[in-house]
Number of protein chains: 2
Amino acid sequence: MALGKDYEQQDCSLARTLELVGERWTLLIVRDAFYGVRRYSDFLGHLDIPRAVLSGRLQTLVEAGVLDRRRYQESPPRDEYVLTERGIDLWPILRAMSRWGEQHVQNGVACRIYRHEGCGGAVDPHGVCAVCGAPVAPADTEVAPGPGANLLRRDDPVTRAMRRPHRLLEPLLP
Amino acid sequence: MALGKDYEQQDCSLARTLELVGERWTLLIVRDAFYGVRRYSDFLGHLDIPRAVLSGRLQTLVEAGVLDRRRYQESPPRDEYVLTERGIDLWPILRAMSRWGEQHVQNGVACRIYRHEGCGGAVDPHGVCAVCGAPVAPADTEVAPGPGANLLRRDDPVTRAMRRPHRLLEPLLP
DNA sequence: CCGGGTCGGTTCATTCATCGAACCAATAGG
DNA sequence: CCTATTGGTTCGATGAATGAACCGACCCGG
């Protein structure tokens, strides 16, 4: 995008957040991380993002403490990018944005629905379970395709895996 | 930013929202509109944004139905930009982002606080009043500088007006 | 040990967006 | 007539995004 710059020191907190996650692609990368995407090649294949941009964004997010980069096998050495607690706290932002798009761009048709794992209740936009009334953490949330899902639009491993219900933050691919 | 492009047709609603409000500066413009900024020159003076970018963004937001451009005097002809209902629905996104920055960049120190006009209770991140428990619409919310406010950083009409408590959406300047 | 393939990058030339200063038109006020 | 204000547009310079090519480390099969 877009920022990373000073962004005028005004509305402290909003501007500070935008400097970190306001750049083009960044929030889509974070969203994929919630879906359980962890590897460079999977982000790449799912987002159609230039490699240089992906590398840069991942590095920025790691430096900001939103993602943790960790080695998951030694030979050949392979790292994966996993959301930290700080990254998981971005969930309300993603939910608020999805909801707005759903209401105002897609005429109220959801392309993904979120359920409270176990209890099975729908999770409302504030993250509260409609059945048991408890706030639902991302880790206890199940995503599934909704009525507006366009299942044919893309065909990559991540898209295919997302056709089945899946718990947030769990690794999506082997 | 950043977008405006196709943005891969994947996560329908999030990507659609980002295409509209994900570009650099856009969300800061919308935030200012919530604060009651309505005129071109006030946005300009407060944000330190290039004029061409401001013109472009305002036009995009009007076309998207987020802002309404309306004539408020005939001679000389002057227009103001006011949030529509669709624009007001962006408030949860701004609140979620401010909150994240407050918690994770500013160590929990708020630079602005929000109160339920009338009842006076603090408004929590979900938009619920801590005193009366009711959901608080932006129009019933009062903004005031918080403990982390840096009142000296800038000096323009908007910044000066924001030093006093003010109701959201009400015109900030004469 | 050689050849081919995969993964996770970097490099680089082109294109596009942002920046900031200058310019401009309409109008008001003196 | 002269000057100031508002709300823009235009334009050259800079910086970021794009996409294709390249690369090094390592695995596997033969």
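Residue numbering restarts at 1 for every chain, and letters A, B, ... go by the order of the sequence lines.
Taking atom CD1 on B:Ile49 and atom C1' on C:dA21, their separation rounds to 16 Å, with Å as the unit. What separates CD of B:Glu23 from P of D:dA17 is a distance of 13 Å, to the nearest Å. If you measure from atom CZ of A:Arg71 to atom P of C:dC7, you get 16 Å, rounded to the nearest angstrom. Atom pair A:Asp48:CG and D:dA17:C1' shows a separation of 14 Å (rounding to whole Å applied). Atom-to-atom, CD of A:Glu74 to C1' of D:dA25 comes out at 14 Å; the value is rounded to the nearest Å. Distance, A:Leu54 CG to C:dG9 P: 8 Å, rounded to whole Å. In this structure, A:Arg57 places its CZ atom 18 Å from C1' of C:dG8, rounding to the nearest Å.
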Is there any protein nitrogen or oxygen under 3.5 Å from a nitrogen or oxygen in nucleotides 6-8 of chain D, and what are the pairs?
unit_1, atom_1, unit_2, atom_2, d
D:dT6, O4', B:Arg78, NH2, 3.0
D:dT6, O3', B:Arg78, NE, 3.0
D:dG7, OP2, B:Ser41, N, 3.4
D:dG7, OP2, B:Ser41, OG, 3.1
D:dG7, N7, B:Arg51, NH2, 2.8
D:dG8, OP1, B:Arg69, NH2, 2.6
D:dG8, OP2, B:Tyr81, OH, 3.0
D:dG8, N7, B:Arg51, NE, 2.7
D:dG8, N7, B:Arg51, NH2, 2.8
D:dG8, O6, B:Arg51, NE, 3.1

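Under the rule for a ring pair (Phe, Tyr, Trp, His ring centres under 6.0 Å), A:Tyr81 has no partner lying at least two apart in sequence or in another chain. Under the ring pair (Phe, Tyr, Trp, His ring centres under 6.0 Å) criterion, B:Tyr40 pairs with no residue, sequence neighbours left out. Residues forming a salt bridge (charged side-chain N to carboxylate O under 4.0 Å, His left out) with B:Arg160 (at least two apart in sequence, or on another chain): B:Asp155. Residues satisfying the side chain to side chain contact (heavy atoms under 4.5 Å, CB included) test with A:Val105, not counting sequence neighbours, are A:Trp100, B:Arg16, B:Leu20.
Each side-chain hydrogen bond (donor to acceptor under 3.5 Å, both in side chains) pair with one or both residues in residues 86-96 of chain B, not counting sequence neighbours, appears once here: A:His104-B:Asp89.
In the model, A:Arg167 has no side-chain atom that pairs as donor or acceptor with a side-chain atom of A:Tyr35 under 3.5 Å.
With distances taken from any side-chain atom of A:Ala52 to the nucleotides C:dG20, D:dG19, D:dA17, the minimum falls on D:dG19.
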